[in-house]
K.L.:
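Below is a structure I'd like to ask you about.
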Amino acid sequence: MAPISIRTVLISESVDPRCRAILEENGIRVTEKQNMKKDELIAELKDYDGLVVRSATKVTADVINAADNLKIIGRAGTGVDNVDVDAATKKGIIVMNTPSGNTLSAAELTCALLMSLSRNVPQAVMSMKQGNWDRKKFMGSELYGKVLGIVGLGRIGKEVASRMQSFGMKTIGYDPITPVEVSASWGVEQMSLDQLWPQCDYITVHTPLMPSTVGLLNDETFAKCKKGVKVVNCARGGIIDEAALLRAVESGQCGGAGLDVFVEEPPKDRNLVDHPNVISCPHLGASTKEAQARCGQDIALQIVDMVKGKSLVGAVNANVLASTFSQESHQLIKLGEAIGAVLQSCTASQTPLSQVHVINQGDCMKSSTGYMTSAVLVGLLNHGSGCSSNLINVLSLAKESGIMVNQTHCASDGAAAENVCKVEIVANGCSYKANGSVQCGVPILLELSGSVFRQPVALTGNLLFFKASASPQLLSSVAGLLATAGVEIESFSGPSDRTGDLWYCVGVSSPLPDLGALKSLVKEAAQLTL
Ligand SMILES: NC(=O)c1ccc[n+]([C@@H]2O[C@H](COP(=O)([O-])OP(=O)(O)OC[C@H]3O[C@@H](n4cnc5c(N)ncnc54)[C@H](O)[C@@H]3O)[C@@H](O)[C@H]2O)c1
Ligand SMILES: O=C(O)[C@H](O)COP(=O)(O)O
């Protein structure tokens with residue numbers, strides 16, 4: 001992938017100073033501006049290539065669509081639910097997070113809430129401060145021997161499990177992705193949620209907030225739990241339905257709740273926060289010096305590595321790009337874009353483009369299948385159109401335009417070029433094909449719609465393609481016309497076959513000022529600069 005240039009970054013929240021220092025040490029100008037309202041953020045962001053946030057900045061579609069220079073949104077932390085990732089992807093903006101930097105801190109806070117719930121520590125502290133000495137009111141219960149249900153067995157769920165096992169808790173859990181044998185290896189027996197709810201003395205949720213996790217604990221599921229179950233939400237507000245939780249603590253079905261996160265932060269509705277059996281924190285899971293240092297440092301290093309073309313780590317919406325940081329992939333991307341551009345030029349009058357099929361042939365093309373398709377589409381959609389799609393958004397743009405995209409990989413067919421990218425498109429109901437490869441680091445075109453070139457076309461510089469039937473005068477006539485226009489021929493590739501209308505390509509010193517001048521000599525003509 002072409003290196004992404006990030007010269008300016010706006011940090012819109014309190015992020016560890018290491019973040020700014022690392023970015024600046026690497027020549028990136030940084031501005032820190034906190035507590036901006038949406039309009040201020042929109043106005044400010046116009047001037048920046050990058051934005052670094054935590055969870056408070058709402059990077060909505062309006063903000064993203066107004067940020068014409070923005071290329072990356074860096075989240076110094078885990079959850080990206082405050083970023084409209086779909087809108088960013090459509091705009092070709094990378095969204096990147098640092099998912100493991102605050103795992104231990106969030107796990108420790110979860111454990112602190114579980115322990116506080118078991119012994120009423122916060123309530124006892126408040127009571128002491130009010131001058132009381134009440135040893136009866138705050139009778140607790142041991143964690144030892146109790147059952148902890150962990151919903152979401154990812155990074156944090158796993159760390160919570162091992163810590164609470166050291167208190168003698170039995171840990172059971174549910175996760176649709178983590179294999180049962182994996183969680184069993186760290187002591188968590190997995191089961192369905194319906195089996196889990198009635199067994200738990202404590203439940204803690206550690207999933208992302210998404211449609212399938214909104215209201216995981218609700219009136220119906222609370223009813224399936226043991227009476228007096230205690231719950232912790234240190235993940236995202238809304239995974240435990242707040243209204244259902246209030247009803248459950250009021251009825252005693254829920255014996256206590258520890259909340260670090262809320263649907264609305266800070267919560268305007270204080271009913272849960274004020275309930276005597278609810279203990280809460282203002283979203284402090286990641287608020288430790290260590291977690292902030294890791295997240296601030298990680299996001300800065302990830303951005304710098306990406307700018308330097310070293311690696312792409314932590315991108316949540318551009319995984320395909322992670323494999324594009326090598327010399328070989330740069331060359332293949334150039335090849336894909338060039339094939340797309342050639343096909344676009346040679347079929348410019350044929351619209352609409354309705355199908356694109358990219359076949360990657362040969363062992364070396366196996367790992368490149370994903371990004372080659374995007375590269376071909378970038379060439380097809382951007383060339384001569386003013387469209388500025390990139391590898392991040394081109395698939396969604398193609399889908400929006402109703403283009404059917406297919407990609408396949410096949411083994412080498414034993415021909416001279418082992419690794420070949422073959423592209424077939426359908427435009428205006430007609431099919432066109434182009435095959436290319438990389439030779440000595442240069443992208444080359446081997447075949448264009450049935451014309452196999454005797455001398456492959458080096459896909460670089462100014463290229464003039466024309467379709468004509470072979471005749472002894474054809475080349476001298478084209479050469480004469482080019483000379484009259486002051487255009488020098490630098491290379492020539494003709495078809496190996498000589499029958500019918502076939503494609504030729506001439507590398508020229510500059511584009512022909514009037515392509516129409518070729519009309520009397522050829523059937524079709526197209527030119528492009530690569
Ligand atoms: N309170 C804080 O300050 C704080 C700090 C860090 C992370 N978090 C939040 O904690 C949550 C977990 O973070 P993580 O780093 O462990 O994420 P993770 O991606 O490592 O783990 C999430 C797990 O949830 C599982 N999951 C997805 N859908 C599920 C479902 N329907 N039921 C059960 N499990 C499901 C996934 O398979 C995954 O294993 C996230 O919401 C994150 O934003 C909060
Ligand atoms: O998802 C996260 O990383 C946590 O919720 C932490 O959010 P914060 O960076 O705003 O503290």
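Start at 1 and go down the list; that is how both ligands and their atoms are numbered.
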K.L.:
Any side-chain heavy atom of Leu114 within less than 4.5 Å of one from Lys230?
P.N.:
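Side-chain contact under 4.5 Å: no.
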
K.L.:
Is the closest side-chain donor-acceptor distance between Asn360 and Ser368 under 3.5 Å?
P.N.:
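There is no such pair between these side chains.
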
K.L.:
Which heavy atom of the protein is the closest neighbour of atom 21 (O) of ligand 1, given with residue, atom name and distance?
P.N.:
Gly154 CA, 3.3 Å

K.L.:
Near Tyr174, which atoms of ligand 1 are under 4.0 Å from a heavy atom of that residue?
P.N.:
32 (N), 33 (C), 34 (N)

K.L.:
Are side-chain N/O atoms of Gln195 and Ser192 paired as donor and acceptor at under 3.5 Å?
P.N.:
yes

K.L.:
Given Arg155, Arg236, Arg54, Lys158, which has its nearest heavy atom closest to atom 20 (O) of ligand 1?
P.N.:
Arg155

K.L.:
For atom 31 (N) of ligand 1, grab the closest protein heavy atom and report residue, atom and distance to one decimal in Å.
P.N.:
Thr213 CG2, 3.5 Å

K.L.:
Should Gln297 and Cys19 count as side-chain neighbours, where that means a heavy-atom distance under 4.5 Å?
P.N.:
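Of all side-chain heavy-atom pairs linking Cys19 with Gln297, none is under 4.5 Å.
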
K.L.:
If you measure every N or O of Asp260 against every N or O of ligand 1, does any of those distances drop under 3.5 Å?
P.N.:
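Indeed, backbone or side chain, Asp260 has an N or O that close.
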
K.L.:
Taking distance alone, with no angle check, do His283 and ligand 2 share an N/O pair under 3.5 Å?
P.N.:
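Checking ligand 2 against His283, an N or O pair does fall under 3.5 Å apart.
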
K.L.:
Do you see a donor-acceptor pair shorter than 3.5 Å between the side chains of Asn218 and Thr221?
P.N.:
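Note: Asn218 and Thr221 side chains meet the donor-acceptor criterion.
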
K.L.:
Would you say Ala56 and ligand 2 have an N/O pair spaced under 3.5 Å apart?
P.N.:
no

K.L.:
Does Arg75 have a non-hydrogen atom less than 4.0 Å from ligand 2?
P.N.:
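So Arg75 counts as touching ligand 2.
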
K.L.:
Pull out every atom of ligand 1 sitting under 4.0 Å from any heavy atom of Ile177, numbered as shown with elements.
P.N.:
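Answer, ordered by atom number: 37 (O).
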
K.L.:
Under 3.5 Å between any N/O of Leu216 and any N/O of ligand 1: does that happen in this structure?
P.N.:
no

K.L.:
Among all protein heavy atoms in this structure, tell me which lies nearest to atom 37 (O) of ligand 1, with the distance rounded to 0.1 Å.
P.N.:
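Nearest neighbour among protein heavy atoms for atom 37 (O) of ligand 1, to 0.1 Å: Asp175 OD1, 2.6 Å.
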
K.L.:
Give me the atom names and distance for the closest heavy-atom approach of Asp134 to Ser127.
P.N.:
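Shortest heavy-atom contact: CB-OG, 4.4 Å.
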
K.L.:
Quick one: nearest non-hydrogen protein atom to atom 42 (C) of ligand 1, plus distance?
P.N.:
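Result: Thr78 CG2, 4.0 Å.
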
K.L.:
Quick one: does ligand 2 sit under 4.0 Å from the side chain of Glu13, the backbone, both or neither, non-hydrogen atoms only?
P.N.:
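It is neither part, as no heavy atom is under 4.0 Å.
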
K.L.:
If you compare all heavy atoms of Val188 against all heavy atoms of Ala161, which two are closest, and at what distance to 0.1 Å?
P.N.:
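That would be CG2-CB, 3.5 Å.
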
K.L.:
Do Ser326 and Ser329 have a side chain donor and acceptor closer than 3.5 Å?
P.N.:
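There is such a pair between these side chains.
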
K.L.:
Within ligand 1, which atoms have a heavy atom of Cys234 less than 4.0 Å away?
P.N.:
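With Cys234 as reference, the close atoms of ligand 1 come out as 1 (N), 2 (C), 4 (C), 44 (C).
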
K.L.:
Which residue supplies the protein heavy atom nearest to atom 40 (C) of ligand 1, what is that atom called, and how far is it?
P.N.:
Thr207 O, 3.5 Å

K.L.:
Using a 4.0 Å heavy-atom cut-off, say whether Asn102 meets ligand 2 through its side chain, its backbone, both or neither.
P.N.:
side chain

K.L.:
Evaluating non-hydrogen atoms only, which member of Gly101, Gly157, Pro176 is closest to atom 30 (C) of ligand 1?
P.N.:
Pro176

K.L.:
Say whether Arg54, considering both its backbone and side-chain N or O atoms, lies within less than 3.5 Å of an N or O atom on ligand 2.
P.N.:
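By distance alone, the answer is yes.
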
K.L.:
Show your working on side-chain hydrogen bond (donor to acceptor under 3.5 Å, both in side chains) between Ser118 and Ser141 and close with a plain yes or no.
P.N.:
CA-CA 6 Å; Ser118 75; Ser141 54; 6.0 Å; no

K.L.:
Relative to atom 3 (O) of ligand 1, which among Gly79, Ser183, Ala286 owns the nearest non-hydrogen atom?
P.N.:
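It is Ala286 whose heavy atom sits nearest to atom 3 (O) of ligand 1.
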
K.L.:
So if I count the atoms of ligand 1 from 1 in the order they appear, which ones are less than 4.0 Å from some heavy atom of His283?
P.N.:
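Taking each heavy atom of His283 in turn, ligand 1 has 1 (N), 2 (C), 3 (O) under 4.0 Å.
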
K.L.:
Below 4.0 Å, non-hydrogen atoms only: which portion of Ala106 touches ligand 1? Side chain, backbone, both or neither.
P.N.:
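For Ala106, the contact with ligand 1 is made by the side chain alone.
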
K.L.:
Classify the side-chain pair Thr103/Glu159 by whether it contains a donor and acceptor separated by less than 3.5 Å.
P.N.:
no

K.L.:
Among all protein heavy atoms in this structure, tell me which lies nearest to atom 6 (C) of ligand 1, with the distance rounded to 0.1 Å.
P.N.:
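Closest protein heavy atom to atom 6 (C) of ligand 1: Asn102 OD1, 3.2 Å.
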
K.L.:
Atom 27 (C) of ligand 1: which protein heavy atom is closest, and how many Å away?
P.N.:
Met210 CE, 3.3 Å

K.L.:
A side-chain contact here means heavy atoms from C-beta on lying under 4.5 Å apart; do Ile22 and Val304 qualify?
P.N.:
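With C-beta onward as the side chain, the pair touches.
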
K.L.:
Between Thr57 and Ser12, is any side-chain donor less than 3.5 angstrom from a side-chain acceptor?
P.N.:
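Judged by distance alone, the side chains do pair up.
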
K.L.:
Please could you name the atoms of ligand 1 that Leu153 approaches to less than 4.0 Å, counting only its heavy atoms?
P.N.:
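It comes down to these atoms of ligand 1: 39 (O).
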
K.L.:
Would you say that Gln123 contacts Ile279 through its side chain, given a criterion of any heavy-atom pair below 4.5 Å between the two side chains?
P.N.:
yes

K.L.:
May I ask you to identify the nearest protein heavy atom to atom 9 (C) of ligand 1, giving residue, atom name and distance to one decimal place in Å?
P.N.:
Ala235 O, 3.6 Å

K.L.:
Any atoms of ligand 1 less than 4.0 Å from a non-hydrogen atom of Val151? List them with their elements.
P.N.:
33 (C)

K.L.:
Looking at side-chain heavy atoms only, is the closest gap between Asp298 and Arg18 below 4.5 Å?
P.N.:
no

K.L.:
Taking 4.0 angstrom as the limit and counting only heavy atoms of Thr178, give me the atoms of ligand 1 inside it, by number and element.
P.N.:
39 (O)

K.L.:
Pull out every atom of ligand 1 sitting under 4.0 Å from any heavy atom of Gly152, numbered as shown with elements.
P.N.:
24 (O), 33 (C), 34 (N)

